[in-house]
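Worksheet: one structure, shown below.
Sequence lines set the chain letters: A, B, ... in the order given, protein chains first and strands last, and positions in each chain run from 1.
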Amino acid sequence: MNNQIHQKWREALNQPVPEWDQAGTWEKIEQSLPQDNPHASNSLSKWMVLIILCVTLWGDLYHNKLIINSITPNQAHNNTDGSLQATNTMPNGHVQTASNKSIKKDTKLSVTLSHARTQQSAKHSTTPLSTLPLVLPTGEAADALPQFDKQLLSGSFDSLLNLWQYQRTSLSQVQPFTQLNLSELLLPFLPTWETANVTSTHQTLAITVTSQQKKRHDSRWALIINCGIAFTQLQLQATDAQGENFRLAKKSTETTLETTSLSGNMALELHRNWQLYIGVEHQRIAHWFRAKQVSVEQQQIMSDSAMFYQLNGNTVYVNGQVNQQVITTETIQSPTAFNRIFIPLALGYQHQRGRHAIVVQIGAMLNVWNRYQGFSLDETGQIIRKDRQQLARIYRKNGAHSVRVTGTYSYYLNQRWQLSAGVAAQTDWRSVFTPVTQLNGRYQQLGIQLGMNYRIGR
Amino acid sequence: MTFPLDAVIQGCLSNHRLAQQQLYNQYANLVMQVCYRYATDIQEAQDMVQNTFIRVFDHLKQFDAGKGAFSTWIHTIAVREAIALKRKHPRWNLTESTFAQLESHYQSDIFDKMTVEELRQTVAKLPEIHRVVLMLHYFDGYSHEEIADLMGIEIASSRSRLSRARTELQHHWNLIHSPGL
């Protein structure tokens with residue numbers, strides 16, 4: 001009854017709140033609060049930002065150092081007309097020349113890049129910038145040229161040189177085996193790189209207009225060497241009662257340790273960001289085998305009171321031999337190894353931004369060879385040394401294929417070399433045991449991979 | 001986006017402005033609902049909300065999650081701040097003689113006979129000081145000891161005010177249902 005009265009009161013007194021100035025009230029509250037504590041903000045995020053900033057700056061400095069080293073001071077000189085010219089001979093035979101004639105106001109500012117192998121002339125017909133449609137690069141072009149701005153277009157020699165340097169490194173990484181034409185920065189972007197003339201007065205810029213699209217989608221190969229370490233778990237399942245006992249015995253004796261792997265892959269870039277991987281990989285799964293083998297046998301031993309009999313009311317003892325049960329316990333502790341060779345067949349998707357790339361791969365690991373070295377239990381619970389008794393093939397079969405998903409971060413050191421680090425998860429698709437064992441066993445791995453990639457151009 | 005309350009409270013304890021604003025956004029409407037019941041108008045309710053949150057941020061260290069939910073804790077503060085603001089109002093400085101004028105000879109309990117709508121209309125006609133006591137007792141469930149503590153009056157005064165409020169309600173109800181009127 002009392003509850004009903006209270007409920008009625010609640011219904012009667014609970015009146016809806018009209019519109020009110022929530023934001024204005026907060027402003028008043030905020031004025032009454034003490035000053036915000038900047039140190040209380042997410043310090044971890046700030047540290048992360050600081051670290052990223054330092055790494056980025058270091059990367060830029062390192063990158064610029066490479067560029068500056070490639071253009072030595074004695075190769076940069078002033079021309080007689082007051083312009084500055086720098087010439088660089090790259091190790092691969094490219095001759096790159098950058099010159100600035102805009103110091104003298106009525107002369108042309110030009111950056112000329114030539115290819116020594118093809119001996120192509122750096123001179124092309126030029127068009128003033130004012131006559132070209134000013135279309136800033138978008139999409140892939142914008143990603144590749146974040147520094148492309150008005151300052152670079154109309155700036156001094158240094159800024160243009162920076163632009164050139166950036167293109168030389170960044171674009172060549174995006175499409176290292178294609179050619180850059182600067183005109184395509186303003187037209188629909190096609191990253192080509194061979195020769196380009198940038199001609200400008202002190203306020204206008206002219207860009208060579210040529211078209212070279214033939215190598216846009218050229219495939220290329222990369223050799224990839226990876227090594228990794230993973231934490232592995234062997235999941236055992238029995239197929240019947242006897243197998244269950246066997247499973248329990250194996251589980252109590254074998255402890256899976258880590259997995260080490262070494263792989264060599266070939267990556268074929270199919271189309272744009274898609275890549276196909278094939279190679280060979282060796283994996284070694286380490287186990288620790290601990291087992292006690294108990295043997296029972298009859299032995300004849302000497303006994304002081306082996307026999308006795310009653311003779312004329314006296315007990316006569318006779319020394320002799322008796323059969324006695326002897327229990328021998330043999331404890332085996334041994335590291336064992338399970339070696340497997342796979343042929344990885346994977347499809348990868350790469351997202352690249354400047355020197356950084358993320359690659360996600362998914363694929364099958366075709367198991368072609370297995371070998372187990374060390375001790376194990378047979379189905380009767382006896383300890384056997386498989387490698388000596390040539391029994392390994394009974395317990396671990398070939399064709400225990402796996403499925404693997406990998407996420408890898410790659411850093412481009414230069415056009416050819418990349419460093420990569422990633423995370424991989426792998427699980428066996430089929431049991432590694434033969435039906436004789438009456439066990440289903442699959443290794444499940446989660447680990448890291450470190451690698452080095454070397455790209456080969458066709 | 002709603003953030004975990006623990007994280008928001010930790011941010012508030014560190015005087016993080018964004019966390020304070022997040023806490024305000026999460027509980028402003030709840031506090032307003034409490035305050036508006038005690039306020040004369042929306043402006044006064046907003047002042048109550050303002051005082052409530054200033055008090056919340058000042059005393060957040062005292063909140064113990066093991067003793068109850070945060071919403072309960074902030075509800076209590078909202079009621080206290082609402083009453084505190086009301087006590088500053090001149091109309092609250094009523095003397096016992098003022099209440100004596102409201103004394104009525106109707107003592108029977110007629111709440112069972114009232115509908116919710118009639119109760120709402122009748123409560124709206126009550127003097128504010130009576131309405132507040134009614135809400136503290138019947139809506140927020142405070143005892144007379146707690147009401148006395150909140151309002152700074154004696155326990156006996158709390159009982160008498162509630163009794164007068166009920167009497168006055170009955171009076172209004174009789175006026176409504178009087179056939180001669």
Side-chain angles (χ1 to χ4, degrees), chain A residues 1-57 142-143 146 351 353 356 358 360 407 409 423 425 446, chain B residues 7 10-21 23-25 28-39 41-43 45-58 109 111-112 114-124 131-132 134-141 169:
Chain A
M1 186 66 183
N2 197 30
N3 288 336
Q4 292 177 355
I5 295 175
H6 276 256
Q7 182 61 30
K8 184 182 290 185
W9 276 101
R10 283 184 169 274
E11 291 180 20
L13 299 177
N14 193 14
Q15 47 193 336
V17 178
E19 290 292 325
W20 63 290
D21 186 11
Q22 185 172 344
T25 306
W26 167 248
E27 289 177 1
K28 292 178 183 176
I29 295 170
E30 196 174 14
Q31 291 171 1
S32 304
L33 295 174
Q35 200 67 19
D36 187 13
N37 181 9
H39 301 292
S41 58
N42 195 339
S43 57
L44 181 61
S45 299
K46 288 189 173 181
W47 277 109
M48 290 297 292
V49 169
L50 187 62
I51 290 172
I52 291 171
L53 190 63
C54 290
V55 170
T56 306
L57 286 175
D143 293 340
H351 176 72
R353 198 174 185 89
H356 311 280
I358 298 291
V360 177
Y409 164 78
V423 180
L446 179 64
Chain B
Q10 285 300 320
C12 293
L13 290 173
S14 302
N15 197 23
H16 192 331
R17 188 53 44 84
L18 289 177
Q20 290 168 338
Q21 189 169 7
L23 189 75
Y24 172 80
N25 291 336
N29 286 328
L30 171 68
V31 172
M32 172 54 86
Q33 282 185 349
V34 175
C35 294
Y36 187 65
R37 291 199 300 268
Y38 295 95
D41 52 25
I42 193 66
Q43 186 58 46
Q46 288 181 182
D47 292 341
M48 292 174 177
V49 171
Q50 179 182 341
N51 293 348
T52 299
F53 275 99
I54 291 172
R55 177 61 64 97
V56 164
F57 293 137
D58 284 346
D109 196 346
F111 297 136
D112 291 342
M114 285 186 173
T115 64
V116 171
E117 188 57 33
E118 288 173 344
L119 190 58
R120 181 180 290 125
Q121 292 176 0
T122 312
V123 167
R131 188 164 55 88
V132 168
L134 280 172
M135 283 190 291
L136 283 173
H137 186 73
Y138 288 110
F139 196 94
D140 292 316
L169 269 180

**Prompt:** Measuring heavy-atom distances to chain A, does B:Gln10 have an atom under 4.5 Å in its side chain, in its backbone, in both, or in neither?
**Reply:** neither
**Prompt:** Between B:Asn29, B:Asp58, B:Leu13, which residue shows the highest count of heavy-atom pairs closer than 4.5 Å to chain A?
**Reply:** B:Asn29
**Any donor-acceptor N/O pair, B:Gln46 side chain to A:Asp21 backbone, under 3.5 Å** = yes
**Request:** Report the residues that fulfil side-chain contact (heavy atoms from CB on, under 4.5 Å) with A:Leu446, sequence neighbours left out, ordered by chain and then residue number.
**Result:** A:Val423, A:Ala425
**Message:** Once rounded to the nearest 0.5 Å, what's the spacing between atom OH of B:Tyr38 and atom CE of B:Met48?
**Reply:** 9.5 Å
**Message:** Please classify the contact between B:Asn51 and chain A as side chain, backbone, both or neither, with a heavy-atom cut-off of under 4.5 Å.
**Reply:** neither
**Asked** Excluding sequence neighbours, so at least two apart, what forms side-chain hydrogen bond (donor to acceptor under 3.5 Å, both in side chains) with B:Tyr36?
**Response** none
**Item:** Which atoms of A:Glu30 approach chain B - backbone, side chain, both or neither, heavy atom under 4.5 Å
**Value:** both
